[in-house]
Trainee: 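Mind having a look at this structure? Questions to follow.
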Amino acid sequence: MERSEVVALILEARKAKGLKWKDLAAKVGKSKEWVTAGCLGQMTFNAEQAGVLVNLLGLPAEAGTALQTPPYRGSLPTAVPTDPLIYRFSELVSVYGTTFKELIHEEFGDGIMSAIDFKMEIKREPDPAGDRVHIVMSGKFLPYKVY
């Protein structure tokens, strides 16, 4: 069973059962951000976590095997995203990427922020002018080696 087929089954079952991502995360025992990424095909679940999802969502057993297979990461269908929400993240990097780079280098030196040793949190931030999306991203700093 292909990962994309499992993702489709998860989306369908979650909707049919009226479950939120945070509900799945609570059952799996990990953050809603990580579990959502895994259910959308970007992370690898262990056998226990995959079993929880298979049972909770009524997925076929082979879906559990697919959920334990390391995925091909980077699932956007085009180089420039066309979905407006995802495009805004591309726009953030286009507009603020050099600022991110400059400030990270000033604070840490020559290196990168890991997307492997990484975590994030997404929550609603009440605001009288309209609620805001609050995103915290934290990645390990990886300095470039001199050799």
Trainee: Looking only at heavy atoms, what is the nearest atom pair of A66 and V6, with distance?
Mentor: CB-CG2, 3.6 Å

Trainee: Got a second to check how far R14's CZ is from L9's CG, nearest 0.5 Å?
Mentor: 14.0 Å

Trainee: Side chains of residues 32-51: which donor-acceptor pairs under 3.5 Å do they make with residues two or more places apart or in other chains?
Mentor:
unit_1: K32; atom_1: NZ; unit_2: I122; atom_2: O; d: 2.7
unit_1: E33; atom_1: OE2; unit_2: I122; atom_2: N; d: 2.7
unit_1: T36; atom_1: OG1; unit_2: K32; atom_2: O; d: 2.5
unit_1: Q42; atom_1: OE1; unit_2: G74; atom_2: N; d: 3.0
unit_1: Q42; atom_1: NE2; unit_2: S75; atom_2: OG; d: 3.2
unit_1: N46; atom_1: OD1; unit_2: E48; atom_2: N; d: 3.1
unit_1: N46; atom_1: OD1; unit_2: Q49; atom_2: N; d: 2.8
unit_1: Q49; atom_1: OE1; unit_2: N46; atom_2: N; d: 2.9

Trainee: L85: what forms a side chain to side chain contact (heavy atoms under 4.5 Å, CB included) with it, not counting sequence neighbours?
Mentor: D83, F89

Trainee: Is it the case that the side chain of S90 and the backbone of I86 share a donor-acceptor pair, with hydrogens and angles ignored and the cut-off at 3.5 Å?
Mentor: no

Trainee: Which residues pass the ring-ring contact (aromatic ring centres under 6.0 Å, His included) test with W21, not counting sequence neighbours?
Mentor: none

Trainee: Can you confirm whether more than 12 heavy atoms, excluding those of Y96, are under 6.0 Å from its OH atom?
Mentor: no

Trainee: Locate the shortest heavy-atom distance separating L59 from L53; write the atom from each residue and the value.
Mentor: CD1-O, 4.0 Å

Trainee: Would you mind listing every salt bridge (charged side-chain N to carboxylate O under 4.0 Å, His left out) that reaches into residues 18-29, with sequence neighbours excluded?
Mentor: none

Trainee: Which pairs pass ring pair (Phe, Tyr, Trp, His ring centres under 6.0 Å) with one or both residues in residues 51-75, sequence neighbours excluded?
Mentor: none

Trainee: If we only count heavy atoms from C-beta on, is the T82 to Y87 side-chain gap below 4.5 Å?
Mentor: no

Trainee: Once you round to the nearest 0.5 Å, how far does CG of L24 lie from CG of L19?
Mentor: 5.5 Å

Trainee: With K101, which residues qualify under side chain to side chain contact (heavy atoms under 4.5 Å, CB included), at least two apart?
Mentor: H105

Trainee: Can you list the residues that meet the side-chain hydrogen bond (donor to acceptor under 3.5 Å, both in side chains) rule with D131, with sequence neighbours excluded?
Mentor: R124

Trainee: Who passes salt bridge (charged side-chain N to carboxylate O under 4.0 Å, His left out) against R88, sequence neighbours left out?
Mentor: E91

Trainee: Not counting sequence neighbours, which residues clear side chain to side chain contact (heavy atoms under 4.5 Å, CB included) with M137? List them please.
Mentor: F118, M120, I135

Trainee: Among residues at least two apart in sequence or on other chains, which ones pass ring-ring contact (aromatic ring centres under 6.0 Å, His included) with F108?
Mentor: F141

Trainee: Which residue pairs pass the side chain to side chain donor-acceptor pair (under 3.5 Å) test with at least one member in residues 132-147, sequence neighbours excluded?
Mentor: E125-H134

Trainee: If the condition is side chain to side chain contact (heavy atoms under 4.5 Å, CB included), which residues does V146 pass it with, not counting sequence neighbours?
Mentor: none

Trainee: After noting the C-alpha distance and the side-chain angles of R3 and E5, does the key distance pass the side chain to side chain contact (heavy atoms under 4.5 Å, CB included) rule?
Mentor: CA-CA 5 Å; R3 184 64 76 114; E5 295 172 288; over 6 Å; no

